[in-house]
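What you see is a predicted model; the values in this text were computed from it and never measured. Residue indices begin at 1 and follow the sequence shown.
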Amino acid sequence: MTVTASLRDVLLAHEREQPDAPLLISPETGEILSYAKFAKEARQLAARYAAHGLAPGDHVGFLLHNGYQTTTIFLGTMAAGFVVTPLNLLSHGAQLAYVLEHSDVKLVFTSTHYEEQLRTALAMMTSERSAKIRVDVIDSDAPNAHSIYGEVELDQSSNIQSPALLMYTSGTTGQPKGALLTHANLLHAGRSVCDWHGLTSADRVLSSLPLYHINGQCIATVAPFVSGGSIVAPHKFSASAWWGWVERYEPTWLNLVPTIIAYLLNAADANTQLWPAIHFARSASAPLPPDQHRAFEATFGIGVIEAMGMTECSSVVFCNPQQASSRKYGTPGLPCGVETRVVSTETNGVLADGITGELQLRGDNVMLGYYNAPEKTSDAMTTDGWLRTGDLGHRDADGFYFVTGRIKELIIKGGENIAPREIDEALLAHPAVLEAAAVGIPDANYGQEILAAVVLKPGIECDEVSLREHCVRVLGRYKTPKVFRFVDELPKGPSGKVQRLKLLD
């Protein structure tokens, strides 16, 4: 693989070596973005920024669903030497206004579908900065959206340590934090994924994960871009259309999250087709229950590699081995491109295998820091470069890591620590349950009790008595939830990860 100093260098190498190869396929329109077309659009995008008075290093946002231009703007902005700030389509009102204010974006791309949402947030900003943010309304599916501006050469001043991506966390316990990632972070992460999975220019991924989430950005877009491969990126996930896209576009791997796996399994029937031509599926962004993991592999004939990423680590932390016989269920795997350790939450001392503590990470894909937040950066990073993840877990004797929950989400009932994921997985083993999430609630006797929110499978009835009896059998009475709530959906972030603490609302 060619050694490069920035995403610009990656683009120019592909334009030179494989100009006609596809980078992106948009299934809704059939449009194909080749590497040559992308290089041309990136130069037109740079000209558009210059026409608006922007200079390399300035911040550019977008509020768009997946599409031809969304990919062009995401990668092209960074390749042109600017910092891209994807805006979460699930953010509304005050939270979106906060990100617009804090990120220092000077221009935001959106479409007619999201323009009102954006302008409402701009109107809620408390400073005069809103008047200085330019809004460009475009068609996210249209090629040549920037052609009227002509072309300029891509800026050469960016180097490997230059900021490239400003990505805001979901902000489940406060205001979102902006993780500032450099070209070096993204290239290291992309190469780590390519090396781990053996990805080449011949590989193609099908991914419906949004480009406003780190998984959709780094795993499904930056990694294929680095390898010279291609991406099939529908606007959003559709269980009814998924296997039709597989048949038509012949991806070699799938980028999934547990929610997608659950819905594909629920839509399967006795005549479900096997797909042996797909080399593997990759599941991350939330823990994958082992029963669902095994069921997906048996139902569709596709091996699933469970992994784990973080926004602050360019979405690369752990991954199970590529070789099926070496994988383990119920674990995100081995360190991928990072150093990892488990430390005591009380003393910060490194713990032995099998003992639960906080997971800490260090590596070339770890963020530069939180944007305009030195105190939060200091809280998150040790002086010798370790990132405090806030995740609880342990390492086994084979070097595999197990994540049992978040420090802030841990349920402490009568002095005993209970991992919410244990409750989730017990409920998911019930035949009527599609999704489940447990959370601690205040209790006068125990300090905390357990509440479980449950989404039932469509068309299937179940009552609290049945769930309680099931949990007593699987978990015992002490860990059986005191309260069950049947809900239509669980609160989730853009990747499908359950935002557990929002259940308390």
Does [X] use its side chain to pair, donor to acceptor, with the backbone of [Y] at less than 3.5 Å?
X      : Y      : value
Ser315 : Gly309 : no
His213 : Asn215 : yes
Asn66  : Leu209 : yes
Thr120 : Glu116 : yes
Ser111 : Asp139 : no
Thr110 : Leu63  : yes
Arg129 : Val105 : yes
Asp195 : Ser192 : no
Asn320 : Glu306 : yes
Arg406 : Leu392 : no

Heavy atoms of other groups near Asp488 CG, more than 12 under 6.0 Å: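 No, not enclosed.
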
Using 4.0 Å as the upper bound for N to carboxylate O, is an ion pair formed by [Y] and [X]?
X      : Y      : answer
Lys40  : Glu151 : yes
Glu425 : Arg421 : yes
Arg48  : Asp136 : yes

Any chance the side chains of [X] and [Y] put a donor and an acceptor closer than 3.5 Å?
X      : Y      : result
Thr252 : Asp203 : yes
Gln175 : Gln95  : no
Ser314 : Asn185 : no
Glu101 : Ser127 : yes

Lys NZ or Arg CZ of Lys177 over Tyr370 ring: under 6.0 Å, within 45°: yes

Evaluate the side-chain proximity of [Y] to [X]: yes if any heavy-atom separation is below 4.5 Å, no if none is.
X      : Y      : result
Leu7   : Leu187 : yes
Arg282 : Leu256 : no
Glu435 : Val454 : no
Ser230 : Pro224 : no
Phe38  : Leu11  : yes
Val135 : Arg119 : yes
Arg500 : Asp424 : yes

Name the orientation class of the two ring planes belonging to [X] and [Y] (parallel below 30°, tilted from 30 to 60°, perpendicular beyond 60°).
X      : Y      : value
His14  : Tyr35  : tilted
His59  : Tyr371 : tilted
Trp242 : Trp245 : perpendicular

Under 3.5 Å, sequence neighbours excluded: what are the donor-acceptor pairs made by side chains of residues 25-32?
from, atom 1, to, atom 2, distance (Å)
Glu28, OE2, His235, N, 2.8
Thr29, OG1, Glu31, N, 3.2

For the atom pair NZ (Lys408) and CG (Leu410), what is the distance rounded to the nearest 0.5 Å? 13.5 Å

Could you walk me through whether Lys106 and Asp104 pass the salt bridge (Lys or Arg N to Asp or Glu O under 4.0 Å) test, one step at a time? CA-CA 6 Å; Lys106 293 189 174 181; Asp104 290 326; over 6 Å; no

Any chance the rings of His52 and Tyr149 have centres within less than 6.0 Å?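 Yes, they do, as the ring centres are separated by less than 6.0 Å.
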
Please check if the distance between the ring centroids of Trp275 and Phe300 is under 6.0 Å. no

Could you work out, with side-chain hydrogen bond (donor to acceptor under 3.5 Å, both in side chains) as the rule, every residue matching His183, not counting sequence neighbours? none

side-chain hydrogen bond (donor to acceptor under 3.5 Å, both in side chains) against Ser201, all qualifying residues, sequence neighbours excluded: none

Name the residue from Asn266, Leu428, Leu456, Thr259 that meets the side-chain contact (heavy atoms from CB on, under 4.5 Å) definition with Leu434.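 Running side-chain contact (heavy atoms from CB on, under 4.5 Å) over Asn266, Leu428, Leu456, Thr259 with Leu434 returns exactly one hit, Asn266.
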
